[in-house]
Amino acid sequence: MATYGLVLSFRGYKIVMTENYEALGRYTAARGRAESLVLARDVALRKLSGVVGRATSPVGTSTLGRNFDVAAARALLEEAEELNNNILALVAEANSHAAAANRRPLELV
C-alpha cells in the first residue's frame, strides 16, 4: 500500500502528516457500494411489506380472506437476503481498511 507524507514546518516544529490513499480509496469504494445496496435492500423490504400488507388487510364480511402471493414474498425475501449478505461483506471489506485509512469502522445497527 502506498503511503504518502507531507512535512509541514511551523515555528521550528515539524508536523508529519501521512495518508494511506490506497486504503482510503478501498474504504470509500466499499462504503459507497454498501450504501447503494442498503437502498436496494430497503426497496425489496418495502415491496415485501406491501405483499404481506395486502394479504392481511381487512376484507368485507362476505369474503373469506385475501390471497397471499407466497412466491412473490419468497422472491422478495431472497432478494433482500442476497443484498444483505453483500452489504455485510462490503462492511467487512471497508472495516479491514478503516484503520489504515484513518476512518471509523462501519457498523449496522
Q: Check the pair T28, R26 against side chain to side chain contact (heavy atoms under 4.5 Å, CB included), reporting the backbone distance first and the verdict last.
A: CA-CA 5 Å; T28 303; R26 291 177 185 273; over 6 Å; no
Q.
One pair to check against side chain to side chain contact (heavy atoms under 4.5 Å, CB included): V52 and F68. What are the steps and the verdict?
A. CA-CA 7 Å; V52 172; F68 176 52; 4.2 Å; yes
Q: Apply side chain to side chain contact (heavy atoms under 4.5 Å, CB included) to L24 and N102, showing your working.
A: CA-CA 8 Å; L24 181 59; N102 198 26; over 6 Å; no
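Within the 4.5 Å cutoff, the side chain of L90 has no heavy atoms near those of the L106 side chain.
With sequence neighbours excluded, the residues satisfying side chain to side chain donor-acceptor pair (under 3.5 Å) with S57 are R66.
Contact between L76 and L48 at its shortest, heavy atoms only, is CD1-N, 3.6 Å. Across all their heavy atoms, A100 and N20 have their closest contact at O-CB, 3.3 Å.
Linking Ile, Leu, Val, Met, Phe, Trp and Tyr whenever their side-chain heavy atoms come within less than 4.5 Å puts V91 and Y27 in one cluster.
N95 contributes no side-chain N or O that, together with a main-chain N or O of A98, makes up a donor-acceptor pair within less than 3.5 Å.
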Which pairs would a plain distance check flag for residues 31-47, meaning a side-chain donor or acceptor within less than 3.5 Å of a matching protein atom at least two apart in sequence or in another chain?
from: R31; atom 1: NE; to: E35; atom 2: OE2; distance (Å): 2.9
from: R33; atom 1: NH2; to: E93; atom 2: OE1; distance (Å): 3.4
from: S36; atom 1: OG; to: R33; atom 2: O; distance (Å): 2.9
from: R41; atom 1: NH1; to: N84; atom 2: OD1; distance (Å): 2.7

